[in-house]
Amino acid sequence: MPRTQSWGESPARTSDAQQALPTQDALPELGALPPPPPGQPVSSSQPAAAIVETDIPARLDDLPWGRFHTLVVVALGVTWILDGLEVTLAGALSGTLKDGATLGLSNSEIGRAGSAYIAGAVLGALFFGWLTDRLGRRKLFFITIAVYLTATAATALSWNFWSFALFRMLTGAGIGGEYTAINSTIQELIPARVRGWSDLAINGSFWIGAALGAAGSIVLLDPAIIDPAIGWRLAFLIGAALGLVIFVMRFWIPESPRWLMTHGQAQRADAIVAWVEHQSLPPGHGAPRARFPKVKLRMRTHTPLREVVRALLGTYRQRTFVGLSLMAAQAFFYNAIFFTYALILTDFYGVPAGRIGWFILPFAAGNFLGPLVLGRLFDTHGRRFMISLTYAVSGLLLTFTGYLFSIGLMTAETQTMAWMITFFFASAAASSAYLTVSETFPLEIRALAIAFFYAIGTGIGGVAGPWLFGTLIDTGSRPSVAAGYFLGSALMIAAGLIEWRWGVAAERKPLESVAQPLGFIE
């Protein structure tokens, strides 16, 4: 019979003097974190066939917000800043990249390079997502940031369209892998009561990166400061430099205790949670461990792909349909419009390439403020109501904006203002799609589920979007471009209706009650 272990008898939260915390040697995953008070080392191995009864999830959700959570948000959530930086640079530089003195790309080639970035992100998400569930969150968020660093630096050395597209694809692969490793880790470390708001705020930080990219492009593409033929190359090095700083910061983040407890390392998971409690709780604060509900799980080394397929297409097929709808709609909506934003401004409004950044800054501000301002409502008013509302409002506003654009009533300034308002809601909607697919599926397949939805949704909406809009812009026809806007609007409204009908009320609930782990034992 499998051996049963109970962690209910481990040291209680009492006082610093009574609480025996593990040594740094016992917590190798904590990297360079200051060691907790001395205690007895614990073993990091556990038979994979064993059964564990643990209160780790409840203890993590009970913690007050502390320095540890802030560190997690900064060191891991900054991934979205990198993505915002990459996407914005590609968009802001598109006008310059058409210049014969640089790469001499056409509108269609710029659109295809954007699609290559998204395609790389799709493939990277699938491959690294599979590895994340097998090897652990921490190993992978180091690997994926290394891939990103190398590829974005290589982009600065591009010499023609094909090299540029290849390096953009590899950069996307790193970012796609980051999504799966990072989102699963954040979901598993942040307390349930603030999971919605913190997740939306983290996803909204994409637009901090967008602002950085826009500001950088203003300086680096100004001929009075630097030759644009060199400036566009330096622009891509911004991402590499930022990524290097992030790489170092991640040494302070431990492995996810939730992942460890299901992969034969329950004692190490318990030790990490004890360390986090020591960091987060005031001295002398504690409550009897007996009050925390426990979950009984069968531990495993990995989850077979057939079990993943059965969960996604069988047990949770309704949630799968909702997740795909949300991800595909927001991916088309965002990537189609934002990857070609600079082309709209240059081709239809005659905005010089060097001034594109000034128009991206207010657009980025609206996108960042949306999740920040609306985020708490997703925890208080509920997921279904807020997700449905933000998707529907986004679609309706883009329909109105597209109509005004098609009849020529917009200027570059009013177009930017209209998109600023539209994407205030759309940014919260898009962030909630990532929240949905990362919290409504079981622990053992969380990273691969995120990868699956990101890959399929982005493959449908993200790869086709930039290519389609690049082609529509090349026609020089406002009604043709507006037709693309109307398609994006229809997808968003439909996704909102699907969420309203079949969405999951996951607000303020532990992850294990939203979706029981596959190894759950009654």
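Looking at Thr152, its side chain never comes within 3.5 Å of a backbone N or O of Leu149 through a donor-acceptor pair. When atom types are taken as modelled, the side chain of Thr411 and the backbone of Thr414 share a donor-acceptor pair closer than 3.5 angstrom. Between the side chain of Arg233 and the backbone N or O of Ala156 there is at least one donor-acceptor pair closer than 3.5 Å. A donor-acceptor contact shorter than 3.5 Å is absent between the side chain of Arg137 and the backbone of Asn183. Judged purely by atom type and a 3.5 angstrom limit, Thr155 uses its side chain to pair as donor or acceptor with the backbone of Ala151. In terms of modelled atom types and a separation under 3.5 Å, the side chain of Arg501 and the main chain of Ile498 share no donor-acceptor contact. Listed for the Thr150 side chain is no donor-acceptor partner under 3.5 Å among the backbone atoms of Val147. With hydrogens and angles ignored, the 3.5 Å screen pairs no side-chain donor or acceptor of Arg193 with any backbone N or O of Arg508. Distance alone, capped at 3.5 Å, is enough to place a donor-acceptor pair between the Arg250 side chain and the Phe141 backbone. When atom types are taken as modelled, the side chain of Thr422 and the backbone of Ser394 share no donor-acceptor pair closer than 3.5 angstrom.
Side-chain atoms of Phe400 and Leu404, non-hydrogen and from C-beta on, do get closer than 4.5 Å to each other. By the 4.5 Å heavy-atom criterion applied to side chains, Glu512 and Pro517 are counted as neighbours. The shortest side-chain heavy-atom distance between Phe441 and Leu312 falls under the 4.5 Å cut-off. Taking the side chain as every heavy atom from C-beta outward, Ser184 and Ile450 approach each other to under 4.5 Å. Between Trp502 and Arg319, every side-chain heavy-atom pair lies at or beyond the 4.5 Å cut-off. At a threshold of 4.5 Å between non-hydrogen side-chain atoms, the residues Leu448 and Leu305 count as touching. For the pair Trp259/Arg446, no side-chain contact is recorded, criterion being any heavy-atom separation below 4.5 Å from C-beta on. The shortest distance between side-chain heavy atoms of Leu377 and Phe385 does not fall below 4.5 Å.
The distance from the OH atom of Tyr434 to the CG atom of Leu200 is 12.0 Å, given to the nearest 0.5 Å. Within the model, atoms NZ of Lys509 and OG1 of Thr440 stand 12.0 Å from one another, a figure rounded to the nearest 0.5 Å. Here the CD-OG distance, from Gln330 to Ser427, works out to 10.0 Å after rounding to the nearest 0.5 Å. Rounded to the nearest 0.5 angstrom, Ile190 CD1 and Asp199 CG are separated by 9.0 Å. From Thr390, atom OG1 reaches atom CG of Leu374 across 7.5 Å, with rounding to the nearest 0.5 Å. Here Ser438 contributes atom OG and Asn203 contributes atom CG; the two are 8.0 Å apart, rounded to the nearest 0.5 Å.
Asn160 and Ser163 are linked by a side-chain donor-acceptor pair at a separation below 3.5 angstrom, with hydrogens and angles left out of the test. Between the side chains of Glu178 and Thr144, a donor-acceptor pair is found at a separation under 3.5 Å. Gln415 and Tyr349 share a donor-acceptor pair across their side chains, judged by distance under 3.5 Å alone.
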Evaluation steps, ring pair (Phe, Tyr, Trp, His ring centres under 6.0 Å), between Phe423 and Tyr334
CA-CA 9 Å; Phe423 283 84; Tyr334 257 95; 5.0 Å; yes
Residue pair Phe425, Tyr391: steps toward the side chain to side chain contact (heavy atoms under 4.5 Å, CB included) verdict
CA-CA 7 Å; Phe425 294 96; Tyr391 266 80; over 6 Å; no
Verdict with reasoning, Leu140 to Leu135, per side chain to side chain contact (heavy atoms under 4.5 Å, CB included):
CA-CA 8 Å; Leu140 266 294; Leu135 303 181; 4.0 Å; yes
Check the pair Leu435 / Gln187 against side chain to side chain contact (heavy atoms under 4.5 Å, CB included), numbers first and verdict last.
CA-CA 8 Å; Leu435 172 65; Gln187 288 288 322; 3.5 Å; yes
Would you check, one step at a time, whether the test side chain to side chain contact (heavy atoms under 4.5 Å, CB included) holds for Asp133 with Glu444?
CA-CA 7 Å; Asp133 278 333; Glu444 296 90 340; over 6 Å; no
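Residues Leu396 and Ile493 come closest through the heavy atom pair CD2-CD1, 3.8 Å. Taking each heavy atom of Glu499 and Ser388 in turn, the nearest pair found is CG-OG, 3.5 Å. Among all heavy-atom pairs drawn from Pro510 and Ala192, the shortest one is N-CB, 4.0 Å. Across all their heavy atoms, Ser480 and Thr475 have their closest contact at CB-OG1, 3.8 Å. When all heavy atoms are compared, the tightest approach of Ala311 to Ile445 is CB-CD1, 3.8 Å. Between Leu326 and Ala433, the closest heavy-atom pair is CB-CB, 3.9 Å.
Taking the six-membered ring for Trp and the full ring otherwise, Phe236 and Phe167 have centroids separated by 6.0 Å or more.
Exactly one of Glu439, Glu507, Glu188 qualifies for a side-chain hydrogen bond (donor to acceptor under 3.5 Å, both in side chains) with Arg195. That residue is Glu439. For the pairing with Phe363, the ring-ring contact (aromatic ring centres under 6.0 Å, His included) check across Phe368, Trp358, Phe424, Trp207 returns one residue only, Trp207.
Within the cation-pi definition used here (under 6.0 Å to the ring centroid, within 45° of the axis), Arg168 does not qualify as a partner of Phe161.
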